[in-house]
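In what follows, a single structure is set out as structure tokens and then discussed.
All values below come from the heavy atoms of this structure, side chains included, with hydrogens, waters and symmetry mates left out.
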Amino acid sequence: MTPTPPAPRTAKVQEALAARDALATALSRAGIQLPAMDIRTPWADDREAEAQYALVHLGVCSAPVALMLADVITKGIAG
């Protein structure tokens with residue numbers, strides 16, 4: 001039995017994937033990793049091709065990682 005290929009991704013899903021990857025790269029350069037980063041669409045099932053929007057889900061992080069994020073943001077604002 002041949003698996004069904006995934007449906008093509010919408011522009012909004014592609015945009016969210018690109019944003020997630022760009023943010024992950026920037027955070028990595030700052031020494032920060034959010035391992036649960038993902039994208040979410042309005043549906044958790046196989047209807048991704050119908051998504052009119054997608055969100056970058058940052059997941060949860062430890063208190064030390066949250067403090068590192070705050071420090072990086074503060075330095076960016078002051079810089």
Side-chain angles (χ1 to χ4, degrees):
M1 185 171 190
T2 305
T4 304
R9 295 197 157 142
T10 66
K12 291 297 182 182
V13 170
Q14 291 174 352
E15 176 186 43
L17 285 166
R20 179 205 59 195
D21 294 347
L23 180 58
T25 298
L27 289 172
S28 179
R29 288 182 182 152
I32 300 169
Q33 181 180 4
L34 297 178
M37 286 179 64
D38 199 3
I39 63 158
R40 303 285 168 90
T41 60
W43 303 285
D45 60 15
D46 294 332
R47 299 185 316 172
E48 181 182 287
E50 299 174 33
Q52 297 299 311
Y53 66 91
L55 303 172
V56 177
H57 186 271
L58 301 179
V60 296
C61 67
S62 66
V65 171
L67 290 170
M68 290 171 63
L69 281 168
D71 186 50
V72 167
I73 292 168
T74 300
K75 286 179 181 174
I77 291 169

Just list the side-chain donor-acceptor pairs under 3.5 Å for residues 54-64, sequence neighbours left out, or say none.
residue, atom, partner, partner atom, Å
His57, ND1, Gly59, N, 3.2
Ser62, OG, Val65, N, 3.4

(request) Kindly write out the residues that satisfy side-chain contact (heavy atoms from CB on, under 4.5 Å) with Ala18, not counting sequence neighbours, or none if the list is empty. (result) none
(message) The criterion is side-chain contact (heavy atoms from CB on, under 4.5 Å); which residues satisfy it with Asp21, sequence neighbours excluded?
(response) none
(message) A side-chain contact here means heavy atoms from C-beta on lying under 4.5 Å apart; do Arg20 and Leu17 qualify?
(response) yes
(message) If you define the side chain from C-beta out and look only at heavy atoms, does anything of Gln33 sit under 4.5 Å from Leu27?
(response) no
(message) For residues Met37 and Ile39: do they belong to one hydrophobic cluster (side chain heavy atoms under 4.5 Å, members Ile, Leu, Val, Met, Phe, Trp, Tyr)?
(response) no
(message) Hydrophobic clustering (ILVMFWY, side-chain heavy atoms < 4.5 Å, transitive) - are Leu23 and Met68 grouped together?
(response) yes
(request) List, by chain and number, the other hydrophobic cluster members for Leu67, where Ile, Leu, Val, Met, Phe, Trp and Tyr join if side-chain heavy atoms come within less than 4.5 Å, directly or indirectly. (result) none
(request) Can you tell me which residue pairs pass the salt bridge (Lys or Arg N to Asp or Glu O under 4.0 Å) test with a partner in residues 52-61, sequence neighbours excluded? (result) none
(request) Give every residue pair that meets the salt bridge (Lys or Arg N to Asp or Glu O under 4.0 Å) criterion with at least one member in residues 24-33, sequence neighbours excluded. (result) none
